[in-house]
Amino acid sequence: MDPLVISMISAATALVASIAGPLVTLSVGRRQVAASVLSTNRQRWIDTLRESLADLLAQLATVSVIKATWQEKWDKGIGPIAADPSRLEKLQRLVLVQFRIRLLLNPTEPDHQELYRAIEQAILRLREERSVEAETEADVETISKLGQAILKREWRRVKSGT
């Protein structure tokens, strides 16, 4: 083979490598940054959902205790608020957390829908006149298990970087 052809092939190979190498590195770098940003955002979402669920469960348990010890007419929870207006702030907090969770959940994912239905059911049950602590305890357990399943799945996604 002609030494000039070999030199031209070597030069062309070096030129392609010097152009393609940085492009490949740039592409890989962009994907890594995007995956890192996604994982960071997903971790922040997991933390926010976990805190919101814990807050909700604590509030459900608190309202359940108030309801179980309430001697007068419950009136969908208005009775205790009328007797002690400072309880209105607790109700507002419960509603705030309920809607924060609603906005954190994906309405197209079946397990997210199931979790939110369980939350709505628990809150509706607390508005009822009759008081059955066992039902509220069951609601708390259901919400907890559904939330844990969602959080576990999302944590696996964070660990795998997807």
Side-chain angles (χ1 to χ4, degrees), residues 23-162:
L23 290 176
V24 169
T25 302
L26 180 64
S27 175
V28 168
R30 283 185 178 165
R31 281 192 218 131
Q32 287 176 338
V33 167
S36 175
V37 168
L38 181 63
S39 289
T40 300
N41 287 339
R42 183 169 283 129
Q43 180 60 52
R44 195 169 37 227
W45 176 86
I46 288 169
D47 293 341
T48 303
L49 182 61
R50 181 183 295 114
E51 289 171 15
S52 297
L53 285 170
D55 194 0
L56 176 81
L57 294 172
Q59 290 182 44
L60 289 174
T62 300
V63 173
S64 179
V65 169
I66 291 169
K67 187 175 181 184
T69 59
W70 190 251
Q71 300 298 318
E72 299 171 33
K73 184 174 170 139
W74 183 250
D75 194 24
K76 297 182 182 178
I78 296 173
I81 293 171
D84 183 0
S86 68
R87 290 183 175 136
L88 179 59
E89 190 175 312
K90 289 181 178 27
L91 174 64
Q92 290 170 332
R93 177 91 179 138
L94 178 63
V95 171
L96 173 71
V97 172
Q98 176 190 5
F99 285 105
R100 179 182 300 132
I101 292 169
R102 182 178 185 178
L103 292 172
L104 285 167
L105 297 177
N106 184 342
T108 63
E109 293 194 32
D111 55 348
H112 289 223
Q113 293 171 357
E114 186 178 359
L115 173 59
Y116 194 72
R117 279 192 302 271
I119 291 169
E120 284 183 319
Q121 177 62 39
I123 291 173
L124 286 173
R125 191 180 321 278
L126 288 175
R127 295 183 71 205
E128 295 174 357
E129 195 64 37
R130 64 185 185 84
S131 178
V132 181
E133 283 184 83
E135 290 177 353
T136 301
E137 289 174 14
D139 289 337
V140 166
E141 188 63 26
T142 299
I143 292 167
S144 179
K145 284 182 180 181
L146 291 170
Q148 286 174 331
I150 291 169
L151 293 169
K152 184 176 182 179
R153 184 187 69 230
E154 294 301 326
W155 176 243
R156 283 188 193 133
R157 289 176 72 183
V158 167
K159 288 193 317 188
S160 70
T162 59

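Scope of the values below: all heavy atoms of this structure, side chains included, with no hydrogens, waters or symmetry mates.
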Does [Y] offer a backbone N or O that forms a donor-acceptor pair with the side chain of [X] under 3.5 Å?
| X | Y | value |
| --- | --- | --- |
| Gln71 | Thr69 | yes |
| His112 | Leu105 | no |
| Trp70 | Lys73 | yes |
| Thr62 | Ala58 | yes |

[X] [atom1] to [Y] [atom2] distance, which is reported to the nearest 0.5 Å:
| X | Y | atom1 | atom2 | result |
| --- | --- | --- | --- | --- |
| Ile123 | Leu60 | CD1 | CG | 6.0 Å |
| Leu88 | Ile78 | CG | CD1 | 10.5 Å |
| Glu89 | Ile81 | CD | CD1 | 11.5 Å |
| Arg117 | Thr142 | CZ | OG1 | 12.5 Å |
| Leu91 | Ser86 | CG | OG | 12.0 Å |
| Tyr116 | Gln121 | OH | CD | 12.5 Å |

To check you understand the geometry: which heavy-atom pair defines the closest contact between [X] and [Y], and what is its length?
| X | Y | value |
| --- | --- | --- |
| Lys67 | Leu126 | NZ-O, 3.3 Å |
| Pro80 | Arg87 | O-NH1, 3.2 Å |
| Gly147 | Leu115 | N-CD1, 4.1 Å |
| Trp74 | Glu128 | CD1-O, 3.4 Å |
| Leu53 | Ile143 | CD2-CG2, 4.1 Å |
| Thr136 | Arg125 | N-CD, 4.2 Å |

Taking it one step at a time, do Leu151 and Gln148 satisfy side chain to side chain contact (heavy atoms under 4.5 Å, CB included)?
-> CA-CA 5 Å; Leu151 293 169; Gln148 286 174 331; 5.6 Å; no

Tell me, with the steps shown, if Glu141 and Lys145 meet side chain to side chain contact (heavy atoms under 4.5 Å, CB included).
-> CA-CA 6 Å; Glu141 188 63 26; Lys145 284 182 180 181; 3.1 Å; yes

When you look at Arg50 and Asp47, which way does the salt bridge (Lys or Arg N to Asp or Glu O under 4.0 Å) test go after all the steps?
-> CA-CA 5 Å; Arg50 181 183 295 114; Asp47 293 341; 3.3 Å; yes

Output yes when Glu154 and Arg157 qualify as a salt bridge under the 4.0 Å nitrogen-oxygen rule, no when they do not.
-> yes

Check step by step if side chain to side chain contact (heavy atoms under 4.5 Å, CB included) holds for Val63 and Lys90.
-> CA-CA 9 Å; Val63 173; Lys90 289 181 178 27; over 6 Å; no

